[in-house]
Number of protein chains: 2
Amino acid sequence: MTDFTDNPPGNDVPKRRRNSGGITLRDVARLAGVAPITASRALNNPSVVSDAIMQRVKDAVAQTGYVPNMLAGGLASRKSRLVAAVIPTITGNVFLEMVQSLTAALAQHGYQVMLGQSGYEDSREDELLEAIIGRRPDGVVLTGIMHSAAGRKRLLSSGIPVVETWDLAPNPIDMLIGFSHEKVGRAVAEYLHARGRRRVATLGADDDRAQRRMRSFSDAAITLGMAAPGEAAIPALVAPAPTNTGFGRTGLRELLEQHADIDAVFCSSDMVALGVLTEAQALGIAVPSQLAVIGLGDLAFARELHPALTTVRIDGALIGATAARFILDRSQDRDVGERILDIGFSIIERDSA
Amino acid sequence: MTDFTDNPPGNDVPKRRRNSGGITLRDVARLAGVAPITASRALNNPSVVSDAIMQRVKDAVAQTGYVPNMLAGGLASRKSRLVAAVIPTITGNVFLEMVQSLTAALAQHGYQVMLGQSGYEDSREDELLEAIIGRRPDGVVLTGIMHSAAGRKRLLSSGIPVVETWDLAPNPIDMLIGFSHEKVGRAVAEYLHARGRRRVATLGADDDRAQRRMRSFSDAAITLGMAAPGEAAIPALVAPAPTNTGFGRTGLRELLEQHADIDAVFCSSDMVALGVLTEAQALGIAVPSQLAVIGLGDLAFARELHPALTTVRIDGALIGATAARFILDRSQDRDVGERILDIGFSIIERDSA
DNA sequence: CTGAAAGCGCTAACAA
DNA sequence: TTGTTAGCGCTTTCAG
């Protein structure tokens with residue numbers, strides 16, 4: 001390769017640069033015979049550059065293998081083209097669809113996604129926020145609502161567009177795409193009641209959203225007369241999030257030991273439901289005739305189980321795509337329309353309930 | 001808040017700065033009564049700063065809510081503290097454990113992970129590489145081997161530490177953490193043979209790694225006499241990656257229609273195996289007595305199925321953690337030891353085979 | 001242990 | 001349409 005350093009081989013220069021040797025826009029510009037800013041325009045805003053120069057710059061880029069330094073570009077332009085996505089844990093499965101579609105939608109516009117795992121406890125949240133804000137992302141997508149006042153304030157004062165998701169709240173930090181967990185619980189209770197179930201139970205995670213679903217399920221169930229006489233709440237088992245298939249198996253067993261008459265179980269995720277289905281089969285309990293099972297998430301395998309799993313579907317892909325659009329709009333000052341969106345949910349009726 | 005701009009309220013200044021109004025290290029330094037560089041040292045290299053100054057800087061940070069701009073820091077120091085992780089698709093499930101442990105291990109050292117989804121086709125690979133290199137990450141973790149010569153060259157000349165994973169290759173770009181897919185295929189064939197299976201088949205994805213597993217499985221099976229007389233290969237069905245539970249169900253049915261005597265199926269993932277198990281149950285085929293089923297991945301639910309799924313386990317968490325260590329070592333010029341690692345695999349014997 | 005100066009590689013602002 | 005200049009916010013280099 002040619003010598004691209006800036007220093008003339010001269011003598012008395014008070015030299016002190018630490019040029020890394022990498023190819024910079026300057027090198028491209030020199031090769032193309034234009035000013036750096038012109039090369040920059042050719043790359044980022046082709047329409048304002050003449051065709052001739054455009055071609056020369058392109059050639060120079062090809063020849064040198066130049067790759068723009070987005071750190072530098074981001075610093076200068078205040079646009080990092082980075083979006084941070086925070087999910088409780090990637091192994092939780094439920095949020096993958098959202099991350100997938102968010103990543104894909106953003107990638108189309110030259111944006112990348114930085115992943116943050118918050119865990120289900122709020123402990124490391126502060127470090128995470130610091131790490132995120134430090135990158136000056138053009139957007140932050142949160143799973144759930146930011147509850148801590150400190151976190152809300154931090155995010156707010158950072159000025160970064162924030163999308164909270166998977167929940168509804170009266171005062172979002174900024175933008176919101178979610179659904180009502182209370183409604184989910186109630187809808188599932190009504191669904192089961194309408195199909196003749198009278199002794200329902202829940203297998204839930206200990207996180208806030210799951211708890212609210214389960215509580216409203218329980219309340220509705222009681223209102224509908226689906227609790228054992230004299231009970232103030234329906235049978236419920238709770239496990240640390242993220243819940244898994246194992247919890248479904250042991251949970252069902254425990255539930256039945258204590259309440260032999262249970263005829264329906266509402267699970268906090270399809271993974272749990274898979275465990276319930278499996279345990280029911282192992283125990284020789286017929287689903288749905290003896291026991292109805294409802295999951296949450298509508299993961300890909302749900303429809304393939306035997307019996308096919310009835311479940312609550314949340315359109316994660318829609319959440320991700322919409323969040324991407326919101327953020328992209330924002331970063332172009334295209335500030336159109338309402339930024340609070342209830343995407344609802346649906347109960348996918350299949351064979352297990 | 002106080003006025004933190006740099007401009008004296010003066011008059012004739014040839015002003016032209018575009019200070020964003022955000023709090024910068026300069027503001028912190030001024031508040032602490034030190035030079036910016038001293039504040040920088042207090043934050044990044046506390047040991048070289050006197051206790052008194054340390055305290056003043058800390059106070060100033062707390063008071064202002066200062067969050068370092070990592071874009072600026074990265075540009076100046078050539079350390080982005082960003083690591084790019086490329087996986088085929090996040091919804092594939094198999095690689096999550098790796099991403100999870102990579103993210104966690106790096107987070108402990110102040111590094112973040114940027115996610116890239118390559119899809120299973122190599123089409124968008126080039127854009128992805130450009131996007132990645134443009135961020136000047138301190139490391140890139142690739143799922144699988146980079147096959148394209150252009151990609152290899154690009155990465156190589158970027159000077160970024162690269163870890164290829166989930167495979168073995170004679171000439172990795174840089175570092176490598178993987179296992180032999182050929183050995184997996186052979187080991188599974190031998191495992192089934194040793195347990196008396198004589199008519200085996202595969203349900204595989206169409207990606208390169210799955211194909212090599214299946215081919216070597218087939219070869220070994222034939223050598224061991226597990227093919228129908230006169231056949232040059234065992235029955236095999238292929239679907240586009242990522243394969244799913246549905247493929248397991250339809251695949252088993254198809255396989256049996258054409259080869260009623262099949263007594264074992266090796267699946268390209270636990271998800272597929274779940275489908276096979278489900279279909280077998282629906283068809284009234286006893287597992288393992290009539291049909292043995294082996295998966296790959298040892299996902300969390302595998303042990304919870306009924307029968308519990310025998311599967312090939314790859315320690316994704318180890319891959320992720322090791323990749324993190326390799327990259328961290330590199331970024332500190334701690335260049336110790338061999339950087340090619342075969343982590344092997346194990347067949348987890350459970351009830352389905 | 002502390003500081004002044006000079007960039008890192010890029011783009012906004014202004015000028016031609 | 002193109003160029004000049006002056007930073008973006010931080011850290012390296014060199015000097016005290």
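Lettering follows sequence order; numbering is per chain, from 1. Computed from a prediction, not measured in an experiment: that's the story for all the values here.
Among the protein residues, B:A72 comes within range of the nucleic acid bases, having at least one heavy atom under 4.0 Å from a base atom.
Looking at B:R41, its side chain comes within 3.5 Å of the base of C:dG3 through a donor and an acceptor atom.
OP1 or OP2 of C:dT11 lies within a sub-4.0 Å distance of a side-chain N or O belonging to A:S40. Close to C:dT2, at under 4.0 Å from its OP1 or OP2, lies no side-chain N or O of B:T38. In this model, the phosphate group of D:dG9 is approached by a side-chain N or O of A:R78 to a distance below 4.0 Å at OP1 or OP2.
Two residues are said to be in side-chain contact when any heavy atoms from C-beta on lie closer than 4.5 Å; B:D27 and B:Y66 fail this criterion. Between B:V67 and A:R136, the closest side-chain pair of non-hydrogen atoms falls below 4.5 Å.
Within residues 43-61 of chain A, the residues that have a heavy atom under 4.0 Å from DNA chain C are, in order of number, A:N44.
Looking at A:D59 and A:Q55, their side chains do bring a donor and an acceptor atom within 3.5 Å of each other.
At whole-Å resolution of the value, CG in A:L71 and P in C:dC8 are 15 Å apart. Going from atom CZ of A:R26 over to atom P of D:dT5 covers 13 Å, rounded to whole Å.
The side chain of A:I37 lies closest to C:dA12 when the candidates are C:dA12, D:dT11, C:dC10.
Remark: B:L106 CG to B:I327 CD1 distance equals 6.5 Å, nearest 0.5 Å.
Side-chain atoms of A:R81 come within 3.5 Å of backbone N or O of A:H109 as a donor-acceptor pair. In this structure a side-chain-to-backbone donor-acceptor pair under 3.5 Å is missing from B:N45 to B:V48.
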